[in-house]
Amino acid sequence: MRAAIAALRSVDKTIGFVPTMGALHEGHLSLVDLSKKNTGATVVSIFVNPTQFAPGEDFEKYPRTVEDDARMLVEKDVEFLFLPNAKEIYSEGAATSVHVAGITSEFEGAIRPDHFDGVATVVAALFNIVQPHFAYFGQKDAQQVAVVRRMVKDLHMPIAIVVGETVREEGSLAMSSRNRYLSDEQRAQSQLLSRVLFQIRDSLINGTSFESARSEAMGKLSKEAPIAQVDYLDLVDSETFQKLASFEGRDTGTVVLAARFGNTRLLDNILIKRT
Ligand code: AMP
């Protein structure tokens, strides 16, 4: 990978990088499209990073479909697929980790305590290997975006972070490699997650308080998606991920939602912007 990158850089090619854990879907491919459009060579990595899973999470079970993934990337004319193994990323005795404080203390960070240290560490390592000019991340994982942006800024990494919009299935469920775990009933009810987010966005823009928009959404979820167990539904500052009580007087914010359907956790969010 290093040699390939050196060759590209020596002829002034702009390098775009899309880090993934594989089981690729249209969400990932939309980031590939962005990179293909804006750069001279695109590197996609597939690495199911063990350090971002807690014991008992779905690391072993995480879908691994590398042959299908490779086929999709060939169709997209991606120049490089980087498939490191865990020993290559974490050498024997590896002892360094990147911790982004504050942003990681709530939401996914509270529910999955070591998750973002794993994410930040592997993204830093991959950035050092791939040395991209641009790196592409999905709005779908909004807290991850905030963590990566903070890390890049704090560590003066010479990489521009580009965020792609959330790609949704028909019916508006945010695409995720984990959607394949859903039963028909769970899938049907999970469509409500995005719908309540759209509704909250419209309510906030129209001047409804977050408190009442939230309680209406929770009511709707418990009535129309009774099997969903909501972990959180909150309004946050998009950069710091600190909770906000209200949208009044603000231009932007993000409403974040996580819910469990059986053993499957689904995340979604909506960026709210006053125009
Ligand atoms: P993952 O393979 O789940 O680690 O995701 C790799 C990248 O794809 C991350 O930057 C995700 O935020 C992004 N991504 C995942 N799902 C979607 C989606 N539905 N729309 C846009 N980007 C996504």
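By convention here, the first residue in the shown sequence is residue 1. As the structure lists them, so they are numbered: ligands from 1, and atoms in each ligand from 1. All values reported here derive from a predicted model rather than from experimental measurement.
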Which heavy atom of the protein is the closest neighbour of [atom], given with residue, atom name and distance?
{"atom": "atom 20 (N) of ligand 1", "answer": "Val167 N, 2.9 Å"}
{"atom": "atom 21 (C) of ligand 1", "answer": "Glu165 O, 3.4 Å"}
{"atom": "atom 5 (O) of ligand 1", "answer": "His28 NE2, 3.4 Å"}
{"atom": "atom 12 (O) of ligand 1", "answer": "Asp141 OD2, 2.6 Å"}
{"atom": "atom 10 (O) of ligand 1", "answer": "Gly138 N, 2.9 Å"}

* Pairwise side-chain contact, Arg265 with Ile111, heavy-atom cut-off 4.5 Å (strictly under) -> yes
* Are side-chain heavy atoms of Thr208 and Phe247 found at a separation under 4.5 Å? ->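 Thr208 does not reach Phe247 side chain to side chain.
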* To do: Check salt bridge (charged side-chain N to carboxylate O under 4.0 Å, His left out) between Arg250 and all other residues, then give those that pass, not counting sequence neighbours.
  =>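 If we apply the salt bridge (charged side-chain N to carboxylate O under 4.0 Å, His left out) test to Arg250, skipping adjacent residues, the hits are Asp237.
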* Assess whether atom CG of Asn263 is packed by more than 12 heavy atoms of other residues, nucleotides or ligands within 6.0 Å. => no
* Atoms of ligand 1 close to Phe137 [distance to a heavy atom under 4.0 angstrom, numbered from 1] ->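 Reading through ligand 1 atom by atom, the close ones are 10 (O).
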* **Numbering as shown, the atoms of ligand 1 that approach Thr166 to under 4.0 Å (heavy-atom distance)** =>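 It comes down to these atoms of ligand 1: 20 (N), 21 (C).
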* With sequence neighbours left out, what residues match Ser246 under side chain to side chain contact (heavy atoms under 4.5 Å, CB included)? -> Glu248
* Could a heavy atom of His25 be found less than 4.0 Å from some atom of ligand 1? -> yes
* Describe, in one word, how the ring planes of Phe17 and Phe127 are oriented to each other, choosing from parallel (under 30°), tilted (30 to 60°) and perpendicular (over 60°). =>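 Taking Phe127 first and then Phe17, their aromatic rings stand perpendicular (interplane angle over 60°).
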* Would you say ligand 1 has an N or O under 3.5 Å from any N or O of Met175? -> yes
* Asked: Is there a chain of hydrophobic side chains (I, L, V, M, F, W, Y, each step under 4.5 Å between heavy atoms) that links Phe116 to Phe107?
  ->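 Result: yes, single cluster for both.
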Indicate, as side chain, backbone, both or neither, the part of [X] found under 4.0 angstrom from ligand 1 when only non-hydrogen atoms are considered.
{"X": "Pro19", "result": "backbone"}
{"X": "Met21", "result": "both"}
{"X": "Leu31", "result": "side chain"}

* Asked: Can you tell which of Thr51, Asn85, Thr96, Thr121 makes a side chain to side chain donor-acceptor pair (under 3.5 Å) with Tyr90?
  -> Thr51
